[in-house]
2 protein chains.
Amino acid sequence: MADKNQELRDKGLRLTPQRQLVLEAVRSLGHATPEEVAEKVRATHPGINLSTVYRNLETLENVGLVQHTHLGHGGATYHAAEELTHLHLVCSKCGSVGDAPIETAAPFVNTLIDEYGFKTDVTHFAIYGTCANCTEKS
Amino acid sequence: MADKNQELRDKGLRLTPQRQLVLEAVRSLGHATPEEVAEKVRATHPGINLSTVYRNLETLENVGLVQHTHLGHGGATYHAAEELTHLHLVCSKCGSVGDAPIETAAPFVNTLIDEYGFKTDVTHFAIYGTCANCTEKS
DNA sequence: TTTTTTCTGCAAGTAATTTGCAACTCGCAA
DNA sequence: TTGCGAGTTGCAAATTACTTGCAGAAAAAA
């Protein structure tokens with residue numbers, strides 16, 4: 001607990017219960033929209049305000065503890081920064097979010113750098129497509 | 001002109017001036033948000049309504065003449081279907097949209113299919129990163 | 001031309017996120 | 001341990017981006 005306090009204070013942030021709850025929620029949920037984070041937090045702290053969740057997600061992102069990804073359809077989803085070691089495979093049929101190790105894209109990433117000077121981090125955005133499940137069904 | 005009329009009629013669509021203007025705007029703009037399409041169309045046809053633009057983009061997408069991509073930040077961008085033969089390299093620093101041929105990602109796409117059964121079309125979403133220009137500057 | 005049916009404009013409605021502001025509270029400092 | 005000041009919160013209103021309902025307008029078919 002002391003560590004966690006430190007972790008936030010080190011970034012120059014105040015240690016408020018709301019802030020801690022938001023960070024814990026993001027970490028335990030893996031992938032989550034702001035709405036889902038709020039829901040999770042409210043399970044133990046009903047009074048928390050949605051805009052507080054939004055503000056804390058932004059703040060935590062600024063100090064590098066969480067990051068967000070656009071999984072399409074306007075909604076951003078957040079995850080803890082330390083979990084960003086995989087690609088997001090989002091199924092546009094069923095909406096499921098799968099993972100694949102980052103190495104899968106390594107050659108692709110290198111090609112983009114070598115040929116276009118474009119440095120990309122494939123963990124920061126979603127890869128859209130159709131998952132194995134949905135492919136079978138159709 | 002007769003061809004273009006045919007092109008829409010063949011899809012079972014009515015040939016309205018608004019529709020034609022929206023399609024032309026998408027084709028001439030390359031990448032564009034609904035707002036930008038509306039702006040372009042209004043340059044020659046001030047009376048056109050924004051919801052008409054949205055509805056036409058949706059309609060045109062349904063018949064396969066245009067497609068949209070999520071270039072992050074909630075906003076969808078549209079482009080003519082015939083142009084969809086490249087990846088979108090979006091710079092998160094300067095916002096510029098670059099292109100790369102689809103072959104660049106072919107091995108990556110194949111790996112996803114082979115190992116995860118995940119079928120993706122990399123032209124449908126943006127690849128985020130930092131463009132060569134912005135990399136130099138920093 | 002008349003009829004049928006799709007489109008359009010307008011206005012109101014949503015959903016998701018942001019912002020202004022007064023009240024609050026965390027952390028340092030006395 | 002108490003007090004102060006800056007960072008935070010809650011609330012309500014504002015904004016943004018898009019959607020929807022509907023009546024009248026205008027294509028295409030008859």
Side-chain angles (χ1 to χ4, degrees), chain A residues 1-2 4-26 31-42 44-63 65-66 68-78 95, chain B residues 1-2 4-26 31-39 41-42 44-63 65-66 68-78:
Chain A
M1 185 73 175
K4 188 192 296 169
N5 291 352
Q6 218 36 50
E7 172 182 42
L8 286 167
R9 307 258 309 265
D10 282 351
K11 306 286 188 176
L13 297 181
R14 270 195 200 166
L15 199 68
T16 66
Q18 293 90 333
R19 186 112 75 202
Q20 293 179 65
L21 286 162
V22 167
L23 181 53
E24 279 168 28
V26 170
H31 303 281
T33 63
E35 212 76 27
E36 289 164 341
V37 171
E39 202 180 320
K40 172 89 178 176
V41 170
R42 283 182 179 140
T44 59
H45 246 229
I48 207 164
N49 194 282
L50 189 53
S51 58
T52 299
V53 173
Y54 275 102
R55 277 188 287 224
N56 274 320
L57 286 171
E58 195 188 325
T59 303
L60 292 171
E61 182 155 33
N62 283 339
V63 299
L65 287 173
V66 307
H68 82 275
T69 294
H70 290 285
L71 266 41
H73 234 199
T77 72
Y78 285 81
Chain B
M1 186 75 174
K4 187 192 297 169
N5 292 352
Q6 217 39 48
E7 171 182 43
L8 287 167
R9 307 262 305 268
D10 282 351
K11 306 285 189 174
L13 296 180
R14 271 193 198 169
L15 197 69
T16 66
Q18 293 89 333
R19 186 111 75 206
Q20 294 179 65
L21 287 162
V22 167
L23 181 53
E24 277 167 31
V26 170
H31 303 281
T33 62
E35 214 76 25
E36 289 165 341
V37 171
E39 201 180 320
V41 169
R42 282 182 179 141
T44 59
H45 247 229
I48 207 164
N49 195 282
L50 189 53
S51 59
T52 299
V53 172
Y54 275 102
R55 278 188 287 227
N56 274 321
L57 286 171
E58 195 188 325
T59 304
L60 293 171
E61 182 156 35
N62 284 339
V63 299
L65 287 173
V66 307
H68 80 274
T69 296
H70 291 284
L71 301 189
H73 232 203
T77 72
Y78 286 80

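With sequence neighbours excluded, the residues satisfying side chain to side chain contact (heavy atoms under 4.5 Å, CB included) with B:Glu35 are B:Thr33, B:Leu50, B:Tyr54. Residues passing the side-chain hydrogen bond (donor to acceptor under 3.5 Å, both in side chains) test with B:Glu58: none are found, sequence neighbours excluded. Listed by chain and number, the residues in a side-chain hydrogen bond (donor to acceptor under 3.5 Å, both in side chains) with A:Glu39 amount to none (sequence neighbours excluded). The side chain to side chain contact (heavy atoms under 4.5 Å, CB included) test applied to A:Ser51 returns A:Asn49, A:Arg55, not counting sequence neighbours.
Computed from coordinates, the B:Ile48 CD1 to D:dA26 P distance equals 14 Å when rounded to whole Å. Per the geometry, CG belonging to A:Asn49 stands 14 Å off P belonging to C:dT18, to the nearest Å. One atom, CG of B:Leu50, and another, P of C:dA12, lie 17 Å apart when rounded to the nearest Å. If you take CD of B:Glu36 and P of D:dC18, they are 11 Å apart, rounded to a whole angstrom. Rounded to whole Å, atom P of D:dG24 lies 18 Å from atom CD of B:Gln18. If you measure from atom OH of A:Tyr78 to atom P of C:dA16, you get 14 Å, rounded to the nearest angstrom. Protein atom CG of B:Leu8 is 14 Å distant from nucleotide atom C1' of D:dA28, rounded to whole Å.
Distance check, rounded to the nearest 0.5 Å: CG of A:Leu15 to CG of A:Leu23 gives 10.0 Å. Separating the OG1 atom in B:Thr77 from the CD atom in B:Glu36 is a distance of 8.5 Å, to the nearest 0.5 Å.
Taking 4.0 angstrom as the limit, A:Ser51 places none of its side-chain polar atoms (N or O) nearer than this to OP1 or OP2 of C:dT18.
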Verdict with supporting geometry, A:Leu8 and A:Leu65, side chain to side chain contact (heavy atoms under 4.5 Å, CB included): CA-CA 9 Å; A:Leu8 286 167; A:Leu65 287 173; 3.8 Å; yes
Side chain to side chain contact (heavy atoms under 4.5 Å, CB included) between A:Leu57 and A:His68, intermediate numbers included: CA-CA 9 Å; A:Leu57 286 171; A:His68 82 275; over 6 Å; no
CA sep, side-chain torsions, deciding dist, call: A:Val22, A:Leu60, side chain to side chain contact (heavy atoms under 4.5 Å, CB included): CA-CA 9 Å; A:Val22 167; A:Leu60 292 171; 4.0 Å; yes
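Donor-acceptor pairing under 3.5 Å is lacking for the side chains of B:Gln18 and B:His45.
Comparing C:dC7, C:dG9, D:dT8 against the side chain of A:Arg19 picks out D:dT8 as the nearest.
Over its length, the helix from C:dT1-D:dA30 to C:dA30-D:dT1 turns its helix axis by 30°, as judged from the five terminal pairs at each end, rounded to 10°.
Using a 4.0 Å cut-off on heavy atoms, the residues of residues 53-61 of chain B that approach DNA chain C are B:Arg55, B:Asn56, listed by number.
When all heavy atoms of A:Pro34 and A:Val53 are compared, the closest pair comes out as O-CG1, 3.8 Å.
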Mind listing the N/O atom pairs, protein and nucleotides 27-30 of chain C, below 3.5 Å?
unit_1: C:dG27; atom_1: OP1; unit_2: A:Leu15; atom_2: N; d: 3.2

